[in-house]
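Reviewing the structure listed below.
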Amino acid sequence: MTKLKSKKMTKSTFAIIIMAIVMVAMLAFGGAYAYFTATASTDSKTFTTGYVKLSNGTALADITVTNVMPKQELVAANALKLTVDTSETAGNYIAVKFTFKVVKDDETKTEITDPTELAKFGLSADSICAVDGTNGWKKTDVAGVYIFGSDANTAVAQTGEVIINTTAFVFDASDNWTQGQDHSDNGLMNATVTITLDARSIQSTNVTGATAVTELKAMFNPTTAD
């Protein structure tokens with residue numbers, strides 16, 4: 001019994017010694033596995049993006065007149081301007097939108113914003129942004145919206161000023177007051193008229209004239225852009 005036990009202990013001791021040697025070897029050579037590896041140098045590139053900037057003038061904001069009468073000039077020719085600032089050498093496409101609001105002087109202080117109704121009183125965006133085929137502006141199918149540089153034959157707006165109205169804007173409404181009435185027939189006498197000019201711009205790089213028209217119209221009114 002003693003010899004048998006001694007032999008078993010000797011084998012166990014031998015196995016432990018072998019394991020210890022293996023563990024020492026693992027520690028000495030960095031673990032159970034070794035690899036050949038490679039590292040590439042970092043490759044990077046920094047670039048800067050371009051920009052599209054647009055600012056509106058103050059010609060409309062500067063109108064402080066009251067007691068406006070028909071045929072009175074409100075904005076002089078070439079007074080309405082946009083300032084374009086872009087990193088694109090070719091320039092940007094730009095668009096403007098004119099809207100009118102009239103609050104009549106009648107019993108209910110009726111508010112009119114419909115372009116068709118306003119045109120009856122001589123209040124139309126066409127009377128401001130006179131599109132004569134030579135000033136670079138083109139009328140769209142969205143009421144009051146005009147685009148500059150909307151086809152391949154028209155240069156887009158480059159950095160600098162772009163004139164909107166080549167002709168003077170004149171208040172050109174007609175109305176009548178009859179004795180005994182509390183207000184004039186059309187409610188335009190003593191009425192309040194608001195004119196608003198909005199402007200948008202889009203890059204020309206990788207944008208066709210047709211795409212520019214669609215996108216610019218959508219910026220003003222997504223439901224009517226096609």
Side-chain angles (χ1 to χ4, degrees), residues 30-63 75-101 113 115 125-167 169 194-226:
Y33 302 98
Y35 301 97
F36 286 146
T37 62
T39 302
S41 59
T42 301
D43 184 15
S44 65
K45 177 65 176 178
T46 299
F47 64 92
T48 58
T49 59
Y51 59 89
V52 175
K53 299 179 182 179
L54 187 66
S55 57
N56 206 341
T58 59
L60 290 180
D62 289 342
I63 297 177
V75 182
N78 304 319
L80 291 176
K81 300 176 182 179
L82 295 173
T83 300
V84 177
D85 182 10
T86 177
S87 61
E88 292 190 293
T89 55
N92 307 140
Y93 296 104
I94 57 176
V96 295
K97 181 178 183 180
F98 287 98
T99 55
F100 291 84
K101 181 177 72 174
T113 57
D126 288 340
S127 62
I128 300 179
C129 189
V131 181
D132 58 12
T134 62
N135 62 354
W137 292 97
K138 292 178 174 57
K139 188 175 182 179
T140 71
D141 56 350
V142 178
V145 176
Y146 305 82
I147 295 180
F148 186 91
S150 57
D151 62 38
N153 298 318
T154 304
V156 292
Q158 298 178 335
T159 294
E161 289 187 338
V162 178
I163 296 173
I164 299 173
N165 68 321
T166 54
T167 59
F169 171 57
T194 303
I195 308 171
T196 302
L197 168 62
D198 290 320
R200 303 288 187 272
S201 180
I202 190 172
Q203 68 186 65
S204 61
T205 302
N206 301 320
V207 176
T208 64
T211 299
V213 171
T214 299
E215 294 301 324
L216 287 169
K217 289 193 301 182
M219 291 181 191
F220 291 116
N221 193 343
T223 61
T224 58
D226 51 31

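Every value quoted in this text rests on a predicted model; they were computed, and no experiment measured them.
A donor-acceptor pair under 3.5 Å is absent between the side-chain atoms of N56 and the main chain of D198, judged by distance alone. Checking side-chain atoms of T86 against main-chain N and O of Y51 turns up a donor-acceptor pair under 3.5 Å. With hydrogens and angles ignored, the 3.5 Å screen pairs a side-chain donor or acceptor of N165 with a backbone N or O of L80. In terms of modelled atom types and a separation under 3.5 Å, the side chain of E88 and the main chain of T205 share a donor-acceptor contact.
Taking CG of L216 as the reference point, atom CZ of F148 lies at 13.0 Å (rounded to 0.5 Å). Once rounded to the nearest 0.5 Å, the distance linking CZ of R200 with NZ of K97 reads 9.0 Å. To the nearest 0.5 angstrom, D85 atom CG is 12.5 Å from Q158 atom CD. Distance check, rounded to the nearest 0.5 Å: NZ of K81 to OG of S55 gives 12.0 Å. Rounding to the nearest 0.5 Å places NZ of K53 at 10.0 Å from OG1 of T159. One distance of note links CG of N92 with CD of Q203; it measures 8.0 Å at 0.5 Å rounding.
When every heavy atom of L82 is checked against every heavy atom of A199, the shortest pair comes out as CD2-CB, 3.6 Å. F98 and A125 get closest at one heavy-atom pair: CB-CB, 3.7 Å. Nearest heavy-atom pair across I202 and A212 is CG2-CB, 4.2 Å. Smallest separation of non-hydrogen atoms from S201 and I94: OG-CG2, 3.5 Å. Contact detail for K217 and T140: the closest heavy-atom pair is CD-CB, 3.9 Å. The two residues S87 and G50 come nearest to each other via the heavy atoms OG-CA, 3.1 Å.
For the pairing with W137, the side-chain contact (heavy atoms from CB on, under 4.5 Å) check across I147, V96, I163 returns one residue only, V96.
D126 and Y146 share a side-chain donor-acceptor pair at under 3.5 Å.
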**OP:** Might you work through the side-chain contact (heavy atoms from CB on, under 4.5 Å) test for T113 and T99, ending with a clear yes or no?
**Re:** CA-CA 8 Å; T113 57; T99 55; over 6 Å; no
**OP:** Under the side-chain contact (heavy atoms from CB on, under 4.5 Å) rule, what do V84 and V162 come out as? Steps first, then yes or no, please.
**Re:** CA-CA 7 Å; V84 177; V162 178; 4.0 Å; yes
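With a 4.5 Å cut-off on side-chain heavy atoms, I195 and V75 do not count as touching. Side-chain contact between V142 and F220: absent, with no pair of heavy atoms (C-beta onward) separated by less than 4.5 Å.
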